[in-house]
Amino acid sequence: MTFEEQVAAVLGRLRPGEVVTYGEVAAEAGRPGAARAVGRILATSNAGYPWWRVVAANGRLVPGHEVEHARRLRAEGVTVVGRKVARMGRQ
DNA sequence: TATCTGACGATAG
DNA sequence: CCTATCGCCAGAT
């Protein structure tokens, strides 16, 4: 089981409207502190992961994709203020 | 085995 | 609110 597969499993458990941080995903995937590695996976892999449900620890949206990111989150009922999500976790 | 590369995280100014 | 640093990690070279 590679780290990426673990991450894929975690992302697969997310439900619409649920927002998590890179750090949380890393921890859930069994690798606390590997948030950066999670970001690298979402940035390079084209496996079709629900990347829009993952945000930075402070709620920031993906750098360079703020518009598309905000659009997708709002489509699931997530409140987005400026370039960040108002609150995290299940709604 | 050594380096480099990010969609990170926390902290300081 | 913004930039700069530093520590961290898995995967690609």
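Chain identifiers are assigned alphabetically (A, B, ...) following the order of the sequence lines, protein sequences preceding nucleic acid strands; residue numbering begins at 1 within each chain.
- Of the two residues near DNA chain B, A:V55 and A:R40, the one whose nearest nucleotide lies more 5' is A:R40.
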Task: Strand DNA chain B as a dot-bracket string - pairs counted if Watson-Crick or G-U with both distances under 3.5 Å, | where the partner lies in another strand - done: .|||||.||||||
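- We find that CZ of A:R60 is positioned 14 Å from C1' of B:dC8, with the value rounded to whole Å.
- Applying the 4.0 Å criterion to OP1 and OP2 of C:dA10, one finds that A:R31 has a side-chain N or O inside that range.
- As rounded to whole Å, 10 Å separates atom C1' of B:dA10 from atom CG of A:N58.
- Nearest heavy atoms, A:A35 versus A:A26: N-CB, 3.6 Å.
- Residue A:F3 is in sugar-phosphate contact alone, with no base atom involved, counting any heavy-atom pair closer than 4.0 Å across all strands shown.
- In the set B:dC8, C:dC9, B:dG9, the nucleotide with an atom closest to the side chain of A:P63 is B:dC8.
- We find that CE of A:M1 is positioned 16 Å from C1' of C:dA10, with the value rounded to whole Å.
- The nearest whole Å value for the distance from the CZ atom in A:R72 to the C1' atom in B:dA7 is 14 Å.
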Please tabulate, one pair per line, all N/O donor-acceptor pairs under 3.5 Å involving side-chain atoms of residues 47-55 of chain A, not counting sequence neighbours.
unit_1 : atom_1 : unit_2 : atom_2 : d
A:Y49  : OH     : A:E4   : OE2    : 3.1
A:W52  : NE1    : A:E76  : OE2    : 3.0
A:R53  : NH1    : A:E76  : OE1    : 3.1
A:R53  : NH1    : A:E76  : OE2    : 2.6

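- Between the P atom of C:dA10 and the CD atom of A:E5 lies a distance of 14 Å, rounded to the nearest Å.
- A straight line from CD of A:E28 to P of B:dC8 spans 19 Å, rounded to a whole angstrom.
- Nearer the 5' end of DNA chain C, as judged by each residue's closest nucleotide, is the contact made by A:R36, out of A:I41 and A:R36.
- Heavy atoms only, all atoms of each residue included: A:T21 and A:A57 are closest at CG2-CA, 3.8 Å.
- In this structure, A:Y22 places its OH atom 19 Å from P of C:dC9, rounding to the nearest Å.
- A:N58 and A:K84 make their closest contact through O-CE, 3.1 Å (heavy atoms, listed as atom of the first residue, atom of the second, distance).
- At distances below 3.5 Å, at least one donor-acceptor pair connects side-chain atoms of A:H69 with backbone N or O atoms of A:V62.
- Of all nucleotides listed (B:dA7, C:dA10, B:dC8), C:dA10 comes nearest to the side chain of A:A37.
- Which of C:dC9, B:dA10, B:dA7 sits closest to the side chain of A:A57 comes down to B:dA10.
- Between B:dA7 and A:R53, no contact under 4.0 Å exists linking OP1 or OP2 to a side-chain N or O.
- Counting any heavy atom pair closer than 4.0 Å across all strands shown, A:A43 reaches a base atom.
- At whole-Å resolution of the value, CZ in A:R83 and P in B:dA7 are 16 Å apart.
- Residues A:A37 and A:F3 approach most closely at CB-CE2, 3.8 Å, considering heavy atoms.
- The two residues A:A70 and A:V80 have their closest heavy-atom pair at CB-CG1, 3.9 Å.
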